[in-house]
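Structure first, commentary second.
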Amino acid sequence: MARNLNRMVDTMTYDGLISGLTPEAKVKGVTIRKLGTAATLVRGTILAKSSGTGGDGKFVVLGTTAGSNETLTADCILADDIEVGTAADVNAAVYDMGCFDPEKLTVASSYTITEADKDVLRERGIYLAAKSAN
């Protein structure tokens, strides 16, 4: 019986989110806070961690308005698209280390990534650098 062991099974489209091999991209799991209006958060969304006396340790899109006595700090990057509803928090895979193209990242629509955000991400092992033309 002859078997075809050399055939294309699938293809992959490179989205350009990861722009370098150093530092190595590392993934962890986090809990994303439920939303007021259900939405799909896309791969490459920068998430902020909720802390402070009003914080809950969950994650929201960077640029979300902080609640009373809550501090939201840039922390990680969403690894895959995910549906977030209004009824329950969701678990998601995020990058907590790696080199990413800043042009491929997403934040809240009315927000612009600040130098302070970039510094905090860098402290956590997330570097922003456009992919070289080479």
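Here the structure is a predicted model, which is why all the values come from computation and not from measurement.
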Q | Euclidean distance, I18 CD1 relative to D15 CG, rounded to 0.5 Å | A | 7.5 Å
Q. Mind checking whether V94 and L17 sit in one hydrophobic cluster, side chains of I, L, V, M, F, W, Y counted as touching below 4.5 Å?
A. no
Extract all donor-acceptor atom pairs below 3.5 Å that involve side chains of residues 95-106 and protein atoms in other chains or at least two apart in sequence.
from	atom 1	to	atom 2	distance (Å)
Y95	OH	R43	NH1	3.0
D101	OD1	E103	N	2.9

**Q.** Nearest heavy-atom neighbours spanning A93 and V27
**A.** CB-CG1, 3.8 Å
(Q) Tell me which pairs pass side chain to side chain donor-acceptor pair (under 3.5 Å) where either residue lies in residues 44-58, with sequence neighbours left out. (A) R33-S50, R33-D56, S50-D56, S50-E70, K58-D89
Q: Might you point out which heavy atoms bring A92 and L78 nearest each other, and give the distance in Å?
A: CB-CD1, 3.9 Å
Q) Which heavy atom of C76 sits nearest a heavy atom of I126, and at what distance? A) CA-CD1, 3.7 Å
Q | For D119, all residues meeting side-chain hydrogen bond (donor to acceptor under 3.5 Å, both in side chains), sequence neighbours excluded | A | R122
Q | Residues forming a side-chain contact (heavy atoms from CB on, under 4.5 Å) with V84, sequence neighbours excluded | A | I32, L35, L41, I82, V90
Q) Counting only heavy atoms not in K26, do more than 12 sit closer than 6.0 Å to its NZ atom? A) no
Q. Do you know which two heavy atoms are closest between V61 and A108, and how far apart they sit?
A. CG1-N, 3.4 Å
**Q.** Check: G52 main-chain N/O paired with T71 side-chain donor or acceptor under 3.5 Å
**A.** no
Q: Name all residues meeting the salt bridge (Lys or Arg N to Asp or Glu O under 4.0 Å) criterion together with K34; count only those two or more places apart in sequence or in a different chain, and write none if there are none.
A: none
Q: Could I get the full list of side-chain contact (heavy atoms from CB on, under 4.5 Å) partners for V107, not counting sequence neighbours?
A: I46, L62, Y111, I113
Q: Check T73 against V120 and note the closest heavy-atom contact, atom names and distance.
A: CG2-CG1, 3.6 Å
